[in-house]
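One is the number of the first residue; the rest follow in order along the sequence. What you see below is based on every heavy atom in this structure, not just the backbone, and it leaves out hydrogens, waters and symmetry mates.
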Amino acid sequence: LIADDMLVKGSDTSSGTTGFEVLNSANTSLLKVKNNGIINASNLPTSSAGLSSGDIWNNGGVLNIV
């Protein structure tokens, strides 16, 4: 459950560990925010086909917004 005033904090202070992670129903990582500020979204689509306005996709290593 996510609330408007929800605060998410990592339990580990090591800079390379994940402070926050979003998984899909198959437990595949969709988004990681590490404690050192690095954001990883390794499963982004590689084409804009079928995406909606505002969706983000990976265009050969460059982030694009539809």
Side-chain angles (χ1 to χ4, degrees):
L1 176 64
I2 298 176
D4 289 339
D5 59 352
M6 183 177 190
L7 173 64
V8 177
K9 294 179 83 173
S11 60
D12 187 344
T13 58
S14 176
S15 66
T17 60
T18 301
F20 178 76
E21 186 170 12
V22 176
L23 305 172
N24 66 12
S25 60
N27 283 331
T28 302
S29 180
L30 300 177
L31 178 73
K32 286 183 184 180
V33 179
K34 297 182 180 180
N35 289 321
N36 58 5
I38 293 174
I39 298 172
N40 181 286
S42 58
N43 290 310
L44 290 174
T46 55
S47 167
S48 63
L51 298 180
S52 300
S53 179
D55 288 348
I56 298 172
W57 62 286
N58 178 353
N59 184 7
V62 176
L63 288 180
N64 285 276
I65 303 172
V66 176

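When Asn43, Val22, Leu23 are each tested for a side chain to side chain contact (heavy atoms under 4.5 Å, CB included) with Thr28, only one passes: Asn43.
Cluster annotation: Leu30 is not connected to Ile56 through the hydrophobic network of ILVMFWY side chains, with a link wherever side-chain heavy atoms come within less than 4.5 Å. Follow the hydrophobic side-chain contacts under 4.5 Å out from Ile39 and you never reach Leu63; the two are in separate clusters.
No donor-acceptor distance shorter than 3.5 angstrom exists from the side chain of Asn59 to the backbone of Trp57, with no hydrogens or angles considered.
Once rounded to the nearest 0.5 Å, the distance linking CG of Asn64 with OG of Ser47 reads 10.5 Å. Note that CG of Leu44 is 8.5 Å distant from CG of Leu31, once rounded to the nearest 0.5 Å.
Nearest heavy atom pair, residue Ser52 against residue Val66, reads O-CB, 3.5 Å.
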